[in-house]
Trainee: 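Quick one: this structure, given as structure tokens, is what I'll be asking you about.
It should be emphasised that the depicted structure is a prediction, and the values quoted were computed from it without experimental measurement.
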Amino acid sequence: MRLHKSRFVPLAIFALAVFAAGCGEVNSTIDKAQACLEAPKIVTELGTQVTKLTGDPQAMDKALDDAAAKLNDVADKAANTTIKEASDDLAKTLSGISVTNANEALDAAQKVATDSAAYVEKVTKACTG
């Protein structure tokens with residue numbers, strides 16, 4: 001029995017398309033464990049940055065916006081509703097903070113610390129529950 005390569009080409013293309021579609025779906029959401037790792041990491045990094053940037057309002061404003069974008073990304077991909085909502089809420093808060101001078105930078109640092117602590121508490125409950 002002789003096999004023809006031409007018969008396998010359409011099958012290979014079909015298999016590749018199915019595999020690629022499946023991978024797209026997997027990558028479009030993150031599981032609870034991954035969200036439980038990513039979300040607190042973003043907030044921890046932001047806390048470190050904000051502490052260092054109290055004397056640089058422009059850099060702090062950018063760090064807040066960057067963290068908000070990362071949290072929005074986690075929220076968009078999170079399969080867990082609690083993590084999704086908490087990430088959305090903190091992202092909105094961070095996006096709403098405007099830092100244009102040193103006084104606002106200090107106020108922002110306090111707000112980030114307070115809101116981040118509440119966020120981590122929500123995420124921790126969602127991740128351990």
Side-chain angles (χ1 to χ4, degrees):
M1 181 173 178
R2 188 170 172 196
L3 298 175
H4 294 294
K5 288 181 185 178
S6 62
R7 290 184 183 175
F8 292 102
V9 172
L11 180 61
I13 292 171
F14 174 75
L16 184 60
V18 169
F19 178 74
C23 286
E25 288 177 28
V26 170
N27 290 332
S28 66
T29 62
I30 56 176
D31 65 9
K32 185 176 174 181
Q34 188 176 355
C36 289
L37 292 173
E38 285 185 27
K41 181 181 174 192
I42 294 166
V43 173
T44 301
E45 288 173 357
L46 176 63
T48 302
Q49 286 181 316
V50 164
T51 302
K52 292 177 183 177
L53 297 174
T54 54
D56 189 348
Q58 267 188 324
M60 183 184 285
D61 202 46
K62 182 177 179 347
L64 292 168
D65 289 343
D66 290 349
K70 290 176 185 176
L71 286 169
N72 276 327
D73 189 49
V74 168
D76 290 345
K77 294 179 181 177
N80 180 283
T81 306
T82 303
I83 296 170
K84 180 178 182 57
E85 290 172 357
S87 297
D88 269 336
D89 290 346
L90 185 58
K92 286 177 191 170
T93 298
L94 296 178
S95 294
I97 297 174
S98 178
V99 182
T100 58
N101 59 51
N103 286 336
E104 288 177 352
L106 291 173
D107 291 343
Q110 272 189 319
K111 179 141 184 71
V112 167
T114 302
D115 289 4
S116 293
Y119 171 77
V120 169
E121 185 178 331
K122 284 181 193 174
V123 171
T124 301
K125 284 181 183 177
C127 292
T128 57

Trainee: Check whether any side-chain heavy atom of D88 sits under 4.5 Å from a side-chain heavy atom of L71, and report yes or no.
Mentor: no
Trainee: Report yes if the side chains of T82 and K125 come closer than 4.5 Å at any heavy-atom pair, otherwise no.
Mentor: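 A side-chain contact under 4.5 Å is absent here.
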Trainee: Do you know which two heavy atoms are closest between A67 and I42, and how far apart they sit?
Mentor: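 Closest approach of A67 to I42: O-CG2, 4.0 Å.
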Trainee: Considering the options L90, L94, V43, which one meets the side chain to side chain contact (heavy atoms under 4.5 Å, CB included) requirement together with V112?
Mentor: L94
Trainee: Is K70 salt-bridged to D66, going by a charged N under 4.0 Å from an acidic O?
Mentor: no
Trainee: Rounded at 0.5 Å granularity, tell me how far NZ in K92 sits from OG in S87.
Mentor: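 Here the rounded value is 11.5 Å.
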Trainee: Tell me the closest heavy-atom pair linking N72 and A91, and the distance in Å.
Mentor: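 Residues N72 and A91, closest heavy atoms: OD1-CB, 3.3 Å.
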Trainee: Working to the nearest 0.5 angstrom, can you tell me the gap between I83 CD1 and C127 SG?
Mentor: 4.0 Å
Trainee: Please enumerate all residues that pass side-chain hydrogen bond (donor to acceptor under 3.5 Å, both in side chains) together with K32, with sequence neighbours excluded.
Mentor: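 By the side-chain hydrogen bond (donor to acceptor under 3.5 Å, both in side chains) rule, K32 matches no residue at all.
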Trainee: Without swapping roles, check the side chain of T48 against the backbone of T44 for a donor-acceptor pair under 3.5 Å.
Mentor: yes
Trainee: Kindly give the heavy-atom pair with the smallest separation between T100 and P57, and that separation in Å.
Mentor: C-CB, 3.8 Å
Trainee: Kindly compute the distance separating CD (E85) from CG (N80), expressed to the nearest 0.5 Å.
Mentor: 9.0 Å
Trainee: Can you tell me how far the CG atom of L106 sits from the CD atom of Q110, to the nearest 0.5 Å?
Mentor: 7.5 Å
Trainee: Looking only at heavy atoms, which two atoms of I97 and V99 are closest? And how far apart?
Mentor: CG2-CG2, 3.9 Å
Trainee: When rounded to the nearest 0.5 angstrom, what is the spacing between CG in D76 and NZ in K84?
Mentor: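 The NZ atom of K84 is 5.5 Å from CG of D76, to the nearest 0.5 Å.
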Trainee: What's the spacing between T93 OG1 and K111 NZ if we round to 0.5 Å?
Mentor: 5.5 Å
Trainee: Please examine the side chains of V123 and P40, heavy atoms only from C-beta on, and report whether any two atoms are closer than 4.5 Å.
Mentor: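 The answer is yes, as the side chains (C-beta and beyond) meet within the 4.5 Å cut-off.
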Trainee: Looking at residues at least two apart in the chain, or sitting in another chain, which of them share a side chain to side chain contact (heavy atoms under 4.5 Å, CB included) with N101?
Mentor: N103, E104
Trainee: Quick one: do the Q34 and E38 side chains pair a donor with an acceptor below 3.5 Å?
Mentor: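 Present: a donor and an acceptor within the cut-off.
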Trainee: Of all the heavy-atom pairs spanning Y119 and A39, show the shortest one and how long it is.
Mentor: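 Closest approach of Y119 to A39: OH-CB, 2.9 Å.
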Trainee: Search all heavy atoms of A108 against all heavy atoms of L64 and return the closest pair with its distance.
Mentor: CB-CD1, 4.4 Å
